[in-house]
J.: 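The structure follows.
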Amino acid sequence: MKSLYGKFIAFTIVIMLGSGILAFLSVNTYYHRQLKGQNDVKNTHIAESMAAYISSAKNIDVNNYLETQAAAGYKLYVVDENKQANYYGASFREENLSEKAVEQVLAGENYHGMKNLPSETFVTGFFSDELANTVGVPFEYEGKRYALYLRPDIKLLFTEVHYLLGGMVLVMAIASLLSMLIVAKKLIEPITELTAATKMVGKEQFTGTLDIQRQDEIGQLANSFQVMTERLGENDRIRKEFISDVSHDFQSPLLNIKGYAELLMDKELLEVDRVSYAKVIQSETERLSLLTKQLLLLTSLDQLVSPLQIKSFRLDDQLQEVIRKYRWLLVEKELSLSMEIDEVIMQGDPAFLEKVWENLLTNALKYTEVGGAIEIELTKFTNEVVVKISDNGIGIDDQSLARIFDRFYRADDSRTQEIGGTGLGLSIVQQVVTLHRGSIEVQHNGNKGTIFTVKLPIL
Ligand code: ADP
């Protein structure tokens, strides 16, 4: 039985049969332990009153009397001292009364076959239609000794109420079985739909939507599956876009290098052109090298396990060091720099955080025209530090502002394009800041330039 539906039905039937057997066994055990004795006493009383009536009566038709009693719901067996036997009422299924039991009653003792019926698990005590499962009493009539054996005739005793109850149980059993079939089908339908959807995801098709509107666990599973599929689809789109961006960004410098290398092969090339072509090759090679380093860095940041190696260090010292490294550019572009730096000891990965400050500062330097101004602030609060890097450079238009943290995104204006870059720096910055459980924001600096604000918790 492979399908869940088949298993469900099989289990239901097994459970119904199992509970039926269990109910039978417990009722039968209860009869053997509890009711058997009481039944024996009750029936002995009835038999005794019949015997007393016959013994005390004169000139009655005993056969007729016993027939009437049998018709009232009993099976009777009468043996006289000459072992002449007579049955009244329906016959017994098994006539297994022992010789000894007959002798015992003819000798004046009562026989308690009901009480002494052996307790067998699968033998129905109450219903066991045997001559041995009777009570026996002696009586005398017209000077002759008799033994009277009696047990209720179960078939006659079965009244309309019993049939009604039996019918009710049967209807209940059939109705519950049919309802289980419908419920099982309804329960399993969404699972079948989910299975089909997982197969689609397995084939990298992330576009399907599930039509499962339920509030229960299966509904929750379907919802989570839908969210997961959408995420996978989004990741798949990003991955494909990323690969195409990477190939494009590698392709253009490689084409430039190839083209200028071919030009360099011209023996009659002027010295100035040769130097200029070699410079293009050099700068394109540097660009490729930077691109490779940044891609490697991004890959390490993308790992599931955080690559951070957290240490305690002086953030103010690190910032000063980065500024020192790029001071020559400040001088070259005649940029003014103002700083307000608090002393901060923080927990973080100094190597990755250095990349953050380097990127933000080099961007400010790159995108600010000669003679511009840059401001750097490091402010310490109780639970966090705030680093602000502002410039009054070319600024970022509103449309680009929302996208500058995207991988490979570069503002589409001619000034940015002239300056050159990979479009990976800010996505690295954002990822490092997020890994430190911090945040980064960008805004216009008045009507000229840009402000980047990084907030980091002091871990
Ligand atoms: P890039 O290598 O191009 O500088 P980034 O990811 O560092 O890549 O920056 C993405 C884009 O954001 C840049 O191409 C530029 O358009 C814009 N940008 C970043 N910083 C500044 C800034 N300080 N002033 C103006 N534009 C900026």
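Note that the structure is predicted; figures quoted are calculated from it, not measured. Both counts, for ligands and for their atoms, begin at 1 and track the order of listing.
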J.: So if I count the atoms of ligand 1 from 1 in the order they appear, which ones are less than 4.0 Å from some heavy atom of Phe452?
T.: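 Listed by number with element: 20 (N), 23 (N).
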
J.: List the closest protein heavy-atom neighbour of atom 19 (C) of ligand 1: residue, atom name, distance to the nearest 0.1 Å.
T.: Asn363 ND2, 3.5 Å

J.: Quick test of your reading: applying salt bridge (charged side-chain N to carboxylate O under 4.0 Å, His left out), list the pairs with at least one residue in residues 197-215, sequence neighbours left out, ordered by first then second residue.
T.: Arg214-Asp216

J.: Which is closest to atom 13 (C) of ligand 1 by heavy-atom distance: Tyr367, Tyr409, Phe408?
T.: Tyr367

J.: Is a side-chain donor-acceptor pair under 3.5 Å present for Asp302 with Gln431?
T.: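 The criterion, which ignores hydrogens and geometry beyond distance, is satisfied for Asp302 and Gln431.
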
J.: For Glu358 and Lys325, run salt bridge (Lys or Arg N to Asp or Glu O under 4.0 Å): C-alpha distance rounded to whole Å, both residues' side-chain angles, the deciding distance at 0.1 Å, then the answer.
T.: CA-CA 9 Å; Glu358 267 185 15; Lys325 210 154 120 187; 2.5 Å; yes

J.: Tell me yes or no: between the side chains of Asp349 and Gln309, is some donor less than 3.5 Å from an acceptor?
T.: no

J.: Quick one: do Lys448 and Asp391 make a salt bridge, cutoff under 4.0 Å?
T.: no

J.: Consider only side-chain N and O atoms of Thr422 and Gln294, and report whether a donor and an acceptor are under 3.5 Å apart.
T.: yes

J.: With no hydrogens and no angle check, just 3.5 Å: does a side-chain donor-acceptor pair link Asn39 and Asn43?
T.: yes

J.: I'd like to know if Lys36 and Asp40 make a salt bridge, using a cut-off of under 4.0 Å between side-chain N and carboxylate O.
T.: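 No, this pair does not count.
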
J.: For atom 3 (O) of ligand 1, what's the nearest protein heavy atom and its distance?
T.: Arg410 NE, 2.6 Å

J.: Considering only the protein, which heavy-atom contact is closest to atom 23 (N) of ligand 1, and what is its distance?
T.: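 Result for atom 23 (N) of ligand 1: Asp391 OD2, 3.0 Å.
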
J.: Taking atom types as modelled and ignoring hydrogens, do the side chains of Ser276 and Asp273 form a donor-acceptor contact shorter than 3.5 angstrom?
T.: no

J.: For atom 2 (O) of ligand 1, what is the closest protein heavy atom, and at what distance to 0.1 Å?
T.: Thr422 N, 2.9 Å

J.: List the closest protein heavy-atom neighbour of atom 17 (C) of ligand 1: residue, atom name, distance to the nearest 0.1 Å.
T.: Ile404 CG2, 3.9 Å

J.: Of the side chain and backbone of Thr450, name the one, both, or neither that has a heavy atom under 4.0 Å from an atom of ligand 1.
T.: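 Side chain only.
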
J.: Answer with yes or no whether the side chains of Tyr5 and Thr192 bring together a donor and an acceptor at under 3.5 Å.
T.: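 The answer is no; no qualifying pair exists.
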
J.: Check ligand 1 against Ala411 and write out every atom of the ligand that is under 4.0 Å from a heavy-atom position of the residue.
T.: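 Matching atoms, with element in brackets: 14 (O), 16 (O).
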
J.: Which of the atoms of ligand 1 are close to Gly423, meaning less than 4.0 Å from one of its heavy atoms?
T.: 1 (P), 2 (O), 3 (O), 6 (O), 8 (O)

J.: Quick one: look at Val429 and ligand 1, take heavy-atom pairs under 4.0 Å, and tell me if it's side chain, backbone, both or neither.
T.: neither

J.: Checking a contact table here: which protein heavy atom is nearest atom 6 (O) of ligand 1, and how many Å away?
T.: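 Ranked first by proximity to atom 6 (O) of ligand 1 is Leu426 N, 2.8 Å.
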
J.: Which option wins on minimum heavy-atom distance to atom 26 (N) of ligand 1: Ile428, Ile396, Leu401?
T.: Ile396

J.: Need the ligand 1 atom indices (1-based, order shown) with element for anything under 4.0 Å from a heavy-atom of Lys366.
T.: 1 (P), 2 (O), 4 (O)

J.: In terms of atom number and element, which parts of ligand 1 are under 4.0 angstrom from non-hydrogen atoms of Leu424?
T.: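 Here the atoms of ligand 1 in question are 6 (O), 8 (O).
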
